[in-house]
Amino acid sequence: MKTINGFSKLSKSEKINWLAENYSASPDELEAVLSSWQHEDDAVQRIVDGFTENAISNYVLPYSIAPNFVINGKPYAVPMVIEESSVVAAASSAAKFWQERGGFHAEVLGTVKLGQVHFRWPGKTEKLRQIFPEIKTCLLSCADDLTENMRKRGGGILDIELVDFETVEPYYFQLRVSFETCDSMGANFVNSVLERFADSLELFFTDYPGLTDTERDVEVIMSILSNYTPDCVVRAWVECPVSSFSELAKSQGMDAEALARRFAMAVRIAQIDPYRATTHNKGIYNGIDAVVLATGNDFRAIEACGHTYACRDGQYRSLSSCELRDDFFHFELKIPLAMGAVGGLTALHPLARKSLEILGNPSAEELMCITAAVGLAQNFAAVRSLITTGIQQGHMKMHLTNILNHLQATEEEAAAAQFHFQRETVSFSAVRSFIETSRAGFSTEKSV
Ligand code: MEV
């Protein structure tokens with residue numbers, strides 16, 4: 001029986017049994033694997049199971065540290081959760097490079113979060129505009145109880161704007177609401193306020209004197225935060241005299257000016273061409289997502305927002321920019337990052353809490369600065385490789401461990417392979433052939 005009602009009501013072991021019986025060619029093995037990834041501490045496992053419906057096991061990703069980040073003069077060891085082999089190595093190497101050149105600089109340009117109440121109102125726009133100040137006063141006071149705590153922390157509702165979409169969709173209007181959510185990402189706070197606004201908007205039109213029956217017929221379609229937060233933005237940058245690239249450039253057989261020029265050109269290409277911009281920005285999000293995940297933030301929200309921001313002028317472009325002026329190199333990332341340092345998963349996930357501790361329990365603004373700096377470091381490392389050695393050298397060196405694990409190499413075989421491939425090009429077939437040859441040699445030696 002391959003479909004089921006009430007799956008969520010089964011116990012975890014019943015769920016695993018059902019899955020193994022119906023969707024596995026080797027049920028015993030599947031059960032064993034799923035069970036083996038349970039956390040040994042039941043209390044921890046209960047917390048993790050509580051995150052989603054129908055949790056039956058844990059999916060493990062590496063939790064890594066990129067040391068040597070200096071951001072606004074302060075040293076950090078940054079926790080990163082990511083599976084891609086070369087990402088942490090690249091971030092760490094860029095952190096080290098810039099540590100010796102003044103470190104990363106970052107500043108938060110804004111922290112405004114947004115939400116929307118989408119509604120249909122079959123009256124005249126003029127009239128809605130006329131009564132809107134009264135609507136606004138009514139809405140602001142109706143959510144007092146919900147906003148009280150946030151106001152005490154210095155946040156709350158900043159403004160409510162009426163947006164008119166009548167020319168594209170008859171009778172469609174929107175309340176665009178801006179919020180300050182302090183150290184929290186604020187999704188629950190924003191959504192609760194918006195849903196209260198939706199109820200109050202309907203009541204307002206029921207009670208407001210002198211409206212026709214048609215004008216009372218407001219219909220709220222939906223109320224939800226917007227993940228597009230173009231005013232919740234952080235800027236991170238690095239800079240140095242071009243001559244500071246001399247050593248790196250020399251190791252690549254070029255001079256510092258050529259290296260800086262090639263770097264700036266590569267970033268410019270990502271400004272001009274959306275195909276390159278997508279990959280360029282993906283490299284930035286290699287770093288951003290890893291910190292966002294490690295600190296229990298919402299990487300889907302952050303990516304969705306960043307990609308919209310990247311095409312705010314109508315074309316998808318690089319989120320970073322590079323300037324060479326008077327022999328000075330300036331490389332910068334401007335990126336929206338609606339992150340929280342309290343609440344949500346940041347408080348619940350045991351490792352997310354630890355990540356924040358490792359980062360010195362930053363405010364949301366400091367966390368935005370750290371995350372942007374890692375995104376910029378990642379982008380710097382990727383572009384530096386692309387314009388010099390190419391990306392595969394470093395990538396495949398890191399990937400060697402994965403290949404060796406796949407081939408079930410022993411410790412001695414792995415050590416021999418790591419040594420051998422310091423000077424050889426890594427590919428799956430080259431590593432397999434190396435392992436097969438050494439195994440054949442070993443068995444011949446044994447049989448002699
Ligand atoms: C790979 O995950 C990321 C890069 O492709 C980024 C880039 O091309 O800038 C190396």
Side-chain angles (χ1 to χ4, degrees), residues 66 68-78 80 91 94-95 97-114 153-155 158 178-186 228-241 244 264 267 271 280-281 283-285 287-292 294-295 297 301-303 305-306 308-310 312-313 317-325 328-342 346 355-356 359-381 383:
N68 297 322
F69 268 93
V70 174
I71 305 163
N72 293 336
K74 190 171 160 186
Y76 295 91
V78 184
M80 299 177 78
F97 183 88
W98 285 105
Q99 183 193 36
E100 289 147 20
R101 290 163 179 81
F104 292 81
H105 312 271
E107 63 172 347
V108 170
L109 302 178
T111 55
V112 179
K113 314 286 192 325
L114 293 173
R153 281 150 54 193
L158 299 176
S178 46
F179 297 88
E180 172 54 59
T181 60
C182 305
D183 277 337
S184 64
M185 194 273 184
Y228 185 43
T229 52
D231 292 317
C232 184
V233 172
V234 52
R235 182 173 91 91
W237 69 97
V238 285
E239 53 191 13
C240 65
S244 195
V267 179
Q271 293 270 336
H280 180 96
N281 289 344
I284 293 172
Y285 281 104
I288 301 274
D289 282 357
V291 182
V292 169
T295 56
N297 275 275
I302 290 208
E303 277 226 19
C305 180
T308 311
Y309 190 73
R312 63 194 179 284
D313 75 357
R317 296 181 193 282
S318 158
L319 288 163
S320 63
S321 55
C322 180
E323 229 184 284
L324 292 178
R325 200 183 297 153
F328 214 72
F329 173 89
H330 177 96
F331 182 43
E332 168 164 332
L333 172 67
K334 210 167 140 197
I335 191 166
L337 286 177
M339 293 182 80
V342 296
T346 60
S355 299
L356 291 165
L359 292 172
N361 293 315
S363 64
E365 291 200 21
E366 188 179 351
L367 185 57
M368 287 166 76
C369 289
I370 297 167
T371 310
V374 176
L376 184 67
Q378 208 70 54
N379 192 209
F380 176 79
V383 175

*With rounding to the nearest 0.5 Å, note down the distance linking CD1 in Ile370 to OG1 in Thr295.*
9.0 Å

*Taking the side chain as C-beta and beyond, is there a heavy-atom pair between Leu319 and Tyr285 under 4.5 Å?*
yes

*Within a strict 4.5 Å, meaning less than it, do heavy atoms of the Leu376 and Phe331 side chains meet?*
yes

_Just so I know, are the side chains of Val233 and Pro336 near enough to count as touching, which here means a heavy-atom distance under 4.5 Å?_
yes

*With Phe329, which residues qualify under ring-ring contact (aromatic ring centres under 6.0 Å, His included), at least two apart?*
Phe245, Phe263

*Report yes if the side chains of Val374 and Ile288 come closer than 4.5 Å at any heavy-atom pair, otherwise no.*
no

*Roughly how far, to the nearest 0.5 Å, is the CZ atom of Phe179 from the OG1 atom of Thr181?*
9.5 Å

*Nearest 0.5 Å please: distance from the OG1 atom of Thr111 over to the CD atom of Glu365.*
5.5 Å

*Looking at side-chain heavy atoms only, is the closest gap between Asn379 and Leu333 below 4.5 Å?*
no

*Under a 4.5 Å cut-off applied to non-hydrogen side-chain atoms, are Trp98 and Cys240 in contact?*
yes

*Heavy-atom side-chain proximity of Glu107 to Asn72 below 4.5 angstrom*: no

*Nearest heavy atoms of Leu114 and Tyr228, plus distance in Å*: CD1-O, 3.5 Å

*Check: Ser244 main-chain N/O paired with Arg101 side-chain donor or acceptor under 3.5 Å*: yes

*Arg312 charged N/C atom sitting above Tyr309 aromatic ring, 6.0 Å / 45°*: yes

_Tell me which pairs pass salt bridge (Lys or Arg N to Asp or Glu O under 4.0 Å) where either residue lies in residues 328-339, with sequence neighbours left out._
Arg235-Glu332

*Heavy-atom distance under 4.5 Å between the side chains of Thr346 and Asn297, does that happen here?*
yes

*Give the minimum heavy-atom separation between Ala364 and Asp183, together with the two atoms involved.*
N-OD1, 2.8 Å

_Ile71 versus Ala373, closest heavy-atom pair with distance_ = CD1-CB, 3.7 Å

*Indicate yes or no for a side-chain donor-acceptor contact from Gln271 to the backbone of Ser320 under 3.5 Å, with no hydrogens or angles considered.*
yes

*If you round to the nearest 0.5 Å, how far is CD of Glu180 from NZ of Lys113?*
6.0 Å

*Report the distance from atom CZ of Phe328 to atom CD of Glu323, rounding to the nearest 0.5 Å.*
11.5 Å

*So how far is it from Phe104 CZ to Tyr76 OH, rounded to the nearest 0.5 Å?*
12.5 Å

